[in-house]
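Atoms within a ligand are numbered from 1 in the order they appear, just like the ligands themselves. What you see below is based on every heavy atom in this structure, not just the backbone, and it leaves out hydrogens, waters and symmetry mates. Owing to the predicted nature of the structure, the values given are computational and were not obtained by experimental measurement.
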Amino acid sequence: MTAAPSTPSNAQDQPNPQNIVIVGNGQAGIQLVDSLRKEGYAGTITVIGEETHFPYQRPPLSKDFMAADKEPKPLPLRAEKFFTDNDVDSRLGVQVTSIDRAGHTVELSDESSISYTTLVLATGAANRELNVPGSDLQGIYGLRTLADAEAVHARLDTVRSVVVIGAGFIGLEFAAAARKRGLDVTVLEYADRPMARALSPVMGNWFAQAHLNMGVDLRLGEGIASFTGGGSVDSEGGHVAAAVSTTGETYPADMVLVGIGVIPRTELAEQAGLAVSNGITVDSAMRTDDEDIYALGDCANYPSHHAEARTRLESVQNATDQARHTAKSILDTHDAGRDYTELPWFWSTQGDLRLQIAGIAHPDDETVLRGNPDNGKFSVFCFRNGRLAAVESVNQPADHMAARRILAQERNLTPEQAADLEFDFKAYSKAAAAGV
Ligand SMILES: Cc1cc2nc3c(=O)[nH]c(=O)nc-3n(C[C@H](O)[C@H](O)[C@H](O)COP(=O)(O)OP(=O)(O)OC[C@H]3O[C@@H](n4cnc5c(N)ncnc54)[C@H](O)[C@@H]3O)c2cc1C
């Protein structure tokens, strides 16, 4: 979809008409368009996306999109009308291949070039690829794009046994969806608990048991060693038939889903000589070491107020809030200061379990339970150096919302208050939000 390039009527009236070029039309890129216009920016905006699809939401791809009883349909990030209403020059199916910083232009795969006054890299991340014997067999998929999801969905109708490599969020969401379809699902995870990078051990272990209860054959402490082929749907030995784990076990696999994490898309930034270290390095205004180039979302490594360290997050909240912040940084419309301090939060839906996380948990945080894990509705409060640092909730949206208010206001509560069901956590959080 390409809305005709246009010059908003008052752009010519501005003393220095700007041309903002955004590379990447995912969650961050499209929110940035929205926020720039809401902040009153009247210059031109060009958004370039290499995928041919109209901009869509990724989270459903590993969840509802995989259901057997529904026609798989992508959810758009914005209605088509948004792009014309906002005078956006949206280029689909075109890749930005290089940046000429001195000339302030980007080169495109269709051999055209576009000049910019401000360039924004919202290039996201790419799936980390497996490199074990047999990884190139047919029937082994990643899940990042709509094209990936369509291919996986089409395959699900024809298979019986599924092996998932990696018990991270996407792997487990997909495993739960595949179980709901009645398939035999094995998950191989090298670590000793699922989602180990992002969840407290107590919550990770609870989810391990929950997946076993769903009928997932979750194998912890077992990585993938190789795949063997032959004798399956596409036959001729070119199709995966089994996964062999690091313990030597063999698991039948009509298809395999690989969910072993992502790597940030930094290739353009690297080629342009921008600072890169686990993502494109930005300051708290989301600006790179070139003052006319910004980066945000999955591809950006930023100084995190809440993590008290540089970090790179992969979430809708992160992409969305950073886009709002970037728009203000570019237009210099921050009310006070420029530091990005939004509280990170995240969700994951695995079968009937809705996991929500506010803040950033560390594996060695002190943890306190609120509610009863046995009935599947509870929260884990994570304390670090005596202060509340994160709250993980399962099917407890009220706890999650209250935790967000408290953490955003940097209010503390004691582990005793957190565990006490008589303590009115919601009222406390509302008072915190109101500054009382
Ligand atoms: C299956 C799945 C499920 C998820 N579930 C959740 C969830 O439940 N909750 C949650 O918070 N988050 C979830 N996420 C993460 C969330 O979707 C991402 O964090 C978010 O999309 C990041 O936004 P972004 O704009 O930084 O990157 P993206 O949305 O990935 O967009 C980047 C875009 O840039 C394009 N691009 C890159 N380089 C170029 C180039 N050189 N030229 C042109 N285009 C380029 C890419 O093709 C891509 O379309 C999920 C992600 C996936 C894949």
Compile the protein residues with any heavy atom at a distance under 4.0 Å from an atom of ligand 1; present them by chain, then by number. V23, G24, N25, G26, Q27, A28, I48, G49, E50, E51, R58, P59, S62, K63, V94, Q95, V96, A122, T123, G124, L143, R144, I170, E173, R265, L268, G297, D298, E314, S315, V316, A319, F346, W347
Which residues pass the salt bridge (charged side-chain N to carboxylate O under 4.0 Å, His left out) test with D34, not counting sequence neighbours? K38, R78
Taken to the nearest 0.5 Å, the spacing of D100 CG from Q271 CD works out to 9.0 Å
In a table with atom names and distances, give each donor-acceptor pair under 3.5 Å that connects a side chain of residues 354-364 to protein atoms at least two apart or in another chain.
unit_1: R354; atom_1: NH1; unit_2: T349; atom_2: OG1; d: 3.2
unit_1: H362; atom_1: ND1; unit_2: R384; atom_2: NE; d: 3.4

When you measure from the side chain of N127 to the backbone N and O of G142, does any donor-acceptor pair fall under 3.5 Å? no
Within the distance-only criterion (no hydrogens, no angle test), does the side chain of D64 pair as donor or acceptor with the backbone N or O of P60 below 3.5 angstrom? no
Which residues pass the ring pair (Phe, Tyr, Trp, His ring centres under 6.0 Å) test with F346, not counting sequence neighbours? F169
